[in-house]
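Presented below is the structure to which this report refers.
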Protein chains: 2
Amino acid sequence: MAITIRDVARRAQVSVATVSRALTTPDLVRAETRSRVLAAATELGYRPNRAARGLITGRTGNIGIVVPDLGDPVFTAVLKAAQARAAQADYAVFVAGGDEDPATEVKLVHAMAKQVDGVLVCAPASTDEQVAEAAGATSLVLLDRDLPGVPAALLDGAGGAEQVVDHLVALGHRRVAVLDGPRASWSNRQRRRGLAAARARHGVDLVDLGPFAPSYEGGTRAADLALAGDVTAIVAYDDIMASGVLARLRDRGVPVPGEMSVTGFGDLPYAELCSPPLTTVAVPLAAAGRTAVAMLLAGFDAQDADVPRVVLPTRLVVRSTTAPPPGPVRPRRDQP
Amino acid sequence: MAITIRDVARRAQVSVATVSRALTTPDLVRAETRSRVLAAATELGYRPNRAARGLITGRTGNIGIVVPDLGDPVFTAVLKAAQARAAQADYAVFVAGGDEDPATEVKLVHAMAKQVDGVLVCAPASTDEQVAEAAGATSLVLLDRDLPGVPAALLDGAGGAEQVVDHLVALGHRRVAVLDGPRASWSNRQRRRGLAAARARHGVDLVDLGPFAPSYEGGTRAADLALAGDVTAIVAYDDIMASGVLARLRDRGVPVPGEMSVTGFGDLPYAELCSPPLTTVAVPLAAAGRTAVAMLLAGFDAQDADVPRVVLPTRLVVRSTTAPPPGPVRPRRDQP
DNA sequence: CTGAAAGCGCTAACAA
DNA sequence: TTGTTAGCGCTTTCAG
C-alpha cells in the first residue's frame with residue numbers, strides 16, 4: 001500500500017490530526033512542529049489521497065470537461081487552455097468526449113458528477129431541458145452555449161459574421177454565398193443572426209446554401225454550388241470547409257481572390273497555411289477555455305447568486321483570400 | 001448532499017451491505033431482493049461514489065493520460081482513442097499536458113497516481129531514470145517510448161522511414177535530403193535508425209539537414225537548405241514540416257513532384273489536404289491509444305510478470321508529392 | 001442469503 | 001497548540 005498520513009504522523013511523532021493541519025491549515029500549528037511534519041512528509045514522499053479528503057470536505061479538487069469530439073481541433077484548443085488553467089489552481093481534469101448521441105453529453109456529466117467539483121460543457125447539442133437537468137447534478141459552466149441560469153463563456157459568432165460581411169461589402173461585393181453548417185448548434189444560430197443583421201444593414205444579397213458537412217469534402221461540394229450561384233464571394237461555415245472550397249476552386253481554375261473571395265471561420269492553425277492564406281475570423285478558443293474554468297473555480301467559492309455570462313470577442317483576420325470582385329467596381333449604394 | 005447507498009437501503013428495506021452486494025456482486029443476493037434494490041436505486045437516481053469505493057477496494061476506476069502537448073494533433077488523436085477505449089471499460093480518464101520542462105511529465109504522473117489505477121504516458125522526454133521512477137508510483141504504460149521493464153505500445157517509425165526511402169529509391173532518386181526534427185525523442189531516434197538501415201541497404205545519398213522546428217516555419221527554412229543541397233527529394237520530419245516545405249517550394253517556383261519530391265510523416269488529416277496531396281507515412285495513432293489503454297486495463301487483472309510490448313506497423317501512403325526525379329532516369333545499380 | 005460492524009485515508013469538531 | 005474521536009460513502013469480513 002502507498003504511504004498514508006499515519007506514516008507521516010508516526011515519523012514526525014505527532015497525531016494524524018496535526019499532520020492534516022500542518023498540510024491544510026499551517027497557521028494552526030506551531031512553526032517547529034510544522035516543519036517537523038513537513039520534513040517527515042517530504043522524506044517519505046507523502047502525497048495526500050485526494051479522494052479520501054474529498055469524501056469528507058465535499059471538494060474533490062477535480063473538474064470535468066465534456067466536449068462533443070476530442071478529435072476536433074476547436075475543442076482540443078479549448079481543452080488545452082482549460083487544463084492549463086485548472087492545473088494552475090491545482091485542479092486535475094477529467095475529460096470525456098461524446099460521440100454520436102447528443103444525450104451522451106448529459107450522461108457524461110452525470111457520470112463525472114460525483115468525482116468532480118464542477119464540469120465545463122463545451123457546445124452541447126443537447127436540449128435546454130437536458131442541459132438544465134445536468135446542471136442540477138453538479139456545478140456547471142457552459143462554453144459556446146447559452147442557457148439562462150447557467151454560467152457561460154460565449155464566443156461572439158454573430159459579431160464575427162458581421163465583420164466578415166462588412167469586410168466583403170467594403171471590398172465591393174454585392175452578392176455572396178453563405179455556406180451553412182450543422183443547423184443544430186447554438187453557435188451556428190449566432191452566426192446566422194450576425195449574417196442577418198449585416199444583410200439588413202447593407203442590403204447585400206446573401207445566398208444561403210447548404211447545410212454542408214463541416215469538412216473538406218463538404219467544402220468541395222459547396223464550391224460547385226456557389227459557383228453556379230453567380231456570386232463573387234463565399235462565406236464558409238468554418239476554416240476546414242473553406243479549405244475544401246479553396247481546393248475545389250483551384251481545381252476548377254477559378255483564381256482566388258481574383259475571381260472569387262473566400263472566408264473561413266475559426267482561424268485554426270492551418271488557416272494560415274492554406275494557399276492562399278485564408279481570410280477568416282479568429283475565435284479566442286484558448287481564452288474561452290481559461291475563462292470558463294476560471295468561472296467554474298470562482299463559482300466554488302463565491303456564493304453570490306448572480307450567473308456570470310461573458311462574451312469573448314471575435315476578430316476578422318484579413319489574409320489573402322479576399323479582394324474586390326472582378327470587373328469594374330460598381331460604386332456602392334447604401335440603403336437610404 | 002447527494003443521494004447515498006443508505007438512502008437506497010432505506011427505500012429497499014435492506015441493509016447497506018445488501019445494496020452494495022446487489023450492485024457489485026449480484027449473484028450473492030436473492031433475485032427478488034436484488035430487483036427491489038435495483039428498483040430503489042433507479043428510482044432515486046443513485047450513483048455510487050467511486051471515490052469512496054476506491055478508498056476501500058484500492059481501485060479507482062480511473063486512468064490518467066499524460067501527453068507532452070495537448071495542442072498537438074498527434075497526441076489528441078491518441079487521447080481521443082484512449083478515452084474512447086477507457087470509456088468502453090467504464091473507466092474515466094484524467095488528462096494532463098506537460099509543457100516546457102521534461103521533468104513535468106513525471107510530476108504529473110505522481111500527481112495523478114493516487115487518483116488512478118494506472119497512467120498512460122505518451123512519448124515522454126524524461127530520462128529513463130525518471131520514467132522508471134514514475135513507474136514505481138503507479139501502473140504505467142508507455143506510448144512511443146521504449147524502456148525495459150515497462151509495458152509499451154510502440155509505433156514502428158523505423159519501418160516507416162525505410163518504406164519512404166524504399167519508395168524514393170524505387171522512383172529513381174539517388175540523393176535525398178533528410179530534415180531532422182527534435183533530436184531528443186525516442187521516436188526520432190527510431191526514424192533515424194530506419195533511415196540508416198535504408199541507406200546501408202540501398203547506398204543512397206542521404207543528406208542530413210537540421211534539426212528544424214517541427215513546424216510550418218521550420219519547413220520553409222529547411223526547404224531553402226534542401227534546395228541548395230542538390231537533391232531530388234526531401235524527407236521531412238513530419239507532415240507539418242512537409243507542408244512548410246511544400247509552401248516554400250511553391251513560392252520559389254519549384255514544381256512538386258516534377259522537380260522535387262517531398263514526403264511527410266504522420267498522415268494527419270491535413271496531409272490529404274495539402275496541394276498536392278502529401279505522400280506520407282500513416283501512423284496508427286488511434287490504434288496505439290486503444291492498445292495502450294487495453295494493456296493498462298489488462299495489467300490491472302493479470303498478474304503474470306511478463307511485460308507486454310507491442311509495435312504497431314506504419315504504412316507508406318503514396319499521394320501526389322512523389323514522382324521520379326527530373327531528367328533521364330538513370331538505371332539503378334544496387335550494391336553488389 | 002442477509003445484517004452488523006470494522007475500516008479505507010482523511011478532516012473536523014471537541015477536548016485537553 | 002495538540003490529541004482524541006467521529007464519520008464521509010462505501011465494501012467486506014464475520015456472524016446469523
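Below, chain A is the first sequence line, B the second, and so on; all start at residue 1. What you see below is based on every heavy atom in this structure, not just the backbone, and it leaves out hydrogens, waters and symmetry mates. For clarity, every value in this text was computed on a predicted model and none was experimentally measured.
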Lys/Arg-Asp/Glu bridge criterion (N-O < 4.0 Å) met for B:Arg85, B:Asp90: no
Rounded to the Å, how far apart are B:Arg59 CZ and C:dC8 P? 19 Å
Taking atom P of D:dT2 as reference, at what distance in whole Å does atom CZ of A:Arg10 sit? 19 Å
Between the side chains of B:Glu105 and B:Ser126, is a donor N or O closer than 3.5 angstrom to an acceptor N or O? yes
If every non-hydrogen atom of B:Ala9 is compared with every non-hydrogen atom of B:Val19, which pair is closest and at what distance? CA-CG2, 3.5 Å
Rounded to whole Å, CG of A:Asn49 lies from P of D:dC8 at a distance of 18 Å
Nearest-angstrom distance from the residue atom CD1 of A:Ile56 to C1' of C:dA13: 10 Å
Between B:Arg6 and D:dC8, is there a contact of a side-chain N or O with OP1 or OP2 at under 4.0 Å? yes
Here the distance between atom C1' of C:dG7 and atom CD1 of A:Ile5, to the nearest Å, is 16 Å
Considering only NZ, NE, NH1 and NH2 on the basic side and carboxylate oxygens on the acidic side, decide whether B:Lys80 and A:Asp72 come within less than 4.0 Å. no
Identify whether any heavy atom of B:Thr57 sits under 4.0 Å from a base atom; if not, whether one sits that close to sugar-phosphate; answer base, sugar-phosphate or nothing. sugar-phosphate
Under 3.5 Å, which protein N or O atoms sit close to an N or O of nucleotides 1-3 of chain C? Give each pair with its distance.
{"unit_1": "C:dT2", "atom_1": "OP1", "unit_2": "B:Arg30", "atom_2": "NE", "d": "3.4"}
{"unit_1": "C:dT2", "atom_1": "OP1", "unit_2": "B:Arg30", "atom_2": "NH2", "d": "3.4"}
{"unit_1": "C:dT2", "atom_1": "OP1", "unit_2": "B:Thr33", "atom_2": "OG1", "d": "2.2"}
{"unit_1": "C:dT2", "atom_1": "OP2", "unit_2": "B:Arg30", "atom_2": "N", "d": "2.8"}
{"unit_1": "C:dG3", "atom_1": "OP2", "unit_2": "B:Ser15", "atom_2": "N", "d": "3.0"}
{"unit_1": "C:dG3", "atom_1": "OP2", "unit_2": "B:Ser15", "atom_2": "OG", "d": "3.2"}
{"unit_1": "C:dG3", "atom_1": "OP2", "unit_2": "B:Thr18", "atom_2": "OG1", "d": "2.5"}
{"unit_1": "C:dG3", "atom_1": "N7", "unit_2": "B:Arg21", "atom_2": "NH2", "d": "2.6"}
{"unit_1": "C:dG3", "atom_1": "O6", "unit_2": "B:Arg21", "atom_2": "NH1", "d": "3.0"}

Nearest heavy-atom neighbours spanning B:Ala22 and B:Val29: N-CG1, 3.7 Å
Please tell me whether B:Gln190 and B:Asp146 have a donor and an acceptor in their side chains that are separated by less than 3.5 angstrom. no
Figure out the CD/C1' separation between A:Glu32 and D:dT1, and round it to whole Å. 12 Å
Given atom CZ of A:Arg53 and atom C1' of D:dG7, what is their separation to the nearest angstrom? 17 Å
Out of curiosity, B:Arg290 CZ to B:Gln88 CD, how far, rounded to the nearest 0.5 Å? 9.0 Å
Toward the 5' end of DNA chain D, which comes first, B:Ser20 or A:Leu55, by nearest nucleotide? A:Leu55
Write down the distance between CG (A:Leu44) and P (C:dG9), rounded to a whole number of angstrom. 14 Å
